[in-house]
Enquirer: 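Mind having a look at this structure? Questions to follow.
Sequence lines set the chain letters: A, B, ... in the order given, protein chains first and strands last, and positions in each chain run from 1.
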2 protein chains.
Amino acid sequence: MALNYETQLSARNLFEELQIPKRYLMRLLTDLSKSGFIKATRGRSGGYVFARSLDTIYFSEIIDSVEGLLSFEGCVLGSTVCPVDKPCAMHQIWEKPKQTFLETLKTTTLADLRSGKNIRLQ
Amino acid sequence: MALNYETQLSARNLFEELQIPKRYLMRLLTDLSKSGFIKATRGRSGGYVFARSLDTIYFSEIIDSVEGLLSFEGCVLGSTVCPVDKPCAMHQIWEKPKQTFLETLKTTTLADLRSGKNIRLQ
DNA sequence: ATTAAATAATACCTGAAAGTATTAATTTAT
DNA sequence: ATAAATTAATACTTTCAGGTATTATTTAAT
Ligand code: FES
Ligand code: FES
């Protein structure tokens, strides 16, 4: 969607480009709509447009609304029995890649997807 | 195990330290044994020891034997419909964190787990 | 008004990974 | 020899994210 952010797109439009099951796609869109990333217009000639400017939508925010960012902040494997103050031996090993990943999420916006114009929508 | 690499440990020993279901743990140990990372000794006073020196066992190797490294080399999300030569718009975004992650896996050995001596086995 | 085209809500299905259960095989201590 | 303590093999169950199915609601074109 970000590659065509100006135009309102229906689930049908998106389905024709994307290789995601149509019905599943619709459920995702509904979720994104509830989360306030996109704005839904019902009825004939309806569809979805972004609710906000692309360069204000960070990947971290999207992921956070879908599954929660917490999963990335503690143990990479999502372990809950590993105490934060006395983590297991592996903890520090993952620290660096985890930070890099989090940093990418927190500094990348949907607008950044558009910079590589030669890359086709898949 | 790496924190006590010298001593042979039985599944019971490990279970007392780890917070993993005992039976599941045993299956994992059997798998690791088949993969050749640890050496199993059956019978009374049996158990597991590392089959090789800790500093020759890279995380990448372990993960590779368990689920295959390929999952990290292409699309981070594991998409197979995203062609390598013309990847989707998100591809380049993940490139950096993915490389960092892979690098960590490929340069870290089990011996590195021991460097932080003050970290307790969890 | 009616119909077509869209989103919304909600309940259901499925396949693979995580976890369990059971039984067999192996070794050592007594 | 027997029993105890271990790993091995294998089949089963559970869980949950990914995906389906169905029906309701909304809007605009005719
Ligand atoms: S179990 Fe993941 S950091 Fe300890
Ligand atoms: S879908 Fe993951 S890189 Fe294209």
Enquirer: Can you measure B:Arg42 atom CZ to D:dA5 atom P for me and round it to whole angstrom units?
Expert: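 My rounded result for the distance is 18 Å.
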Enquirer: Out of D:dT6, D:dA8, D:dG19, which nucleotide sits closest to the side chain of B:Arg12?
Expert: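 Nearest to the side-chain atoms of B:Arg12, counting from C-beta on, is D:dT6.
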Enquirer: Expressed in angstrom and rounded to an integer, what is the separation of A:Arg27 atom CZ from D:dA21 atom C1'?
Expert: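 In whole Å, D:dA21 C1' lies 12 Å from A:Arg27 CZ.
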Enquirer: Mind running side chain to side chain donor-acceptor pair (under 3.5 Å) on B:Ser10 and B:Asn13 for me, showing each step along the way?
Expert: CA-CA 5 Å; B:Ser10 69; B:Asn13 297 147; 3.0 Å; yes
Enquirer: So which heavy atom on B:Phe15 is nearest to which on B:Pro21, and how close?
Expert: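 In this case the closest contact between B:Phe15 and B:Pro21 is CE1-C, 4.2 Å.
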Enquirer: Is there a donor-acceptor pair under 3.5 Å between the side chain of A:Asp112 and the backbone N or O of A:Thr109?
Expert: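 Looks like yes, one N/O pair under 3.5 Å.
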Enquirer: When you measure from the side chain of B:Arg44, which nucleotide among D:dT27, D:dA5, D:dA8 comes out closest?
Expert: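 Among the listed nucleotides, the one closest to the side chain of B:Arg44 is D:dA5.
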Enquirer: Give me the one residue out of B:Asn4, B:Ile20, B:Leu9 that meets side-chain contact (heavy atoms from CB on, under 4.5 Å) with B:Leu14.
Expert: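 Testing each of B:Asn4, B:Ile20, B:Leu9 against B:Leu14, the sole residue satisfying side-chain contact (heavy atoms from CB on, under 4.5 Å) is B:Leu9.
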Enquirer: Between D:dA8, D:dT6, D:dA4, which nucleotide has the shortest distance from any of its atoms to the side chain of B:Ser33?
Expert: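 Of D:dA8, D:dT6, D:dA4, D:dA8 is nearest to the side chain of B:Ser33.
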Enquirer: Just the endpoints, please: which first and last nucleotides of DNA chain C, 5' to 3', lie under 4.0 Å from a heavy atom of chain A?
Expert: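 Terminal contacting nucleotides, 5' to 3': C:dA4 to C:dA11.
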Enquirer: Indicate yes or no: does A:Glu95 engage A:Lys98 in a salt bridge with an N to O separation below 4.0 Å.
Expert: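 Looking at A:Lys98 together with A:Glu95, the answer is yes, because their closest N to O distance falls below 4.0 Å.
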Enquirer: For B:Asp31 and D:dA8, what is the distance between atoms CG and P respectively, to the nearest whole Å?
Expert: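 So the CG-P distance, B:Asp31 to D:dA8, works out to 10 Å.
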Enquirer: What integer distance in Å separates A:Tyr48:OH from D:dT27:P?
Expert: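 Whole-Å distance recorded here is 14 Å.
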Enquirer: Need to verify one output field. Residue with the more 5' nearest nucleotide on DNA chain C, B:Arg23 or A:Ala40?
Expert: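 The answer here is A:Ala40.
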Enquirer: Provide, to the nearest angstrom, the distance between the NZ atom belonging to A:Lys22 and the P atom belonging to D:dG19.
Expert: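 Rounding to the nearest Å, NZ of A:Lys22 and P of D:dG19 are 17 Å apart.
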Enquirer: So that I know where these two stand, are B:Trp94 and B:Phe101 an aromatic pair - ring centroids less than 6.0 Å apart?
Expert: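 No, they do not, as the ring centres are separated by 6.0 Å or more.
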Enquirer: Measure CG/B:Leu28 against P/D:dT7 and give the value in whole Å, please.
Expert: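 Interatomic distance, CG of B:Leu28 to P of D:dT7: 13 Å.
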Enquirer: By nearest heavy atom, map A:Pro21 and A:Gly43 onto DNA chain D; which one lands nearer the 5' end?
Expert: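 It is A:Pro21, whose closest nucleotide lies nearer the 5' terminus.
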Enquirer: Would you call A:Lys22 and A:Glu16 a salt bridge, taking side-chain N to carboxylate O under 4.0 Å as the test?
Expert: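 No, no charged N to carboxylate O under 4.0 Å.
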Enquirer: May I have the distance from A:Met26 (atom CE) to D:dA24 (atom C1'), rounded to whole angstrom?
Expert: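 Result: 12 Å.
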Enquirer: Within this structure, what is the CE-to-P distance between B:Met1 and D:dT7, rounded to whole angstrom?
Expert: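 One finds 10 Å between P of D:dT7 and CE of B:Met1, rounded.
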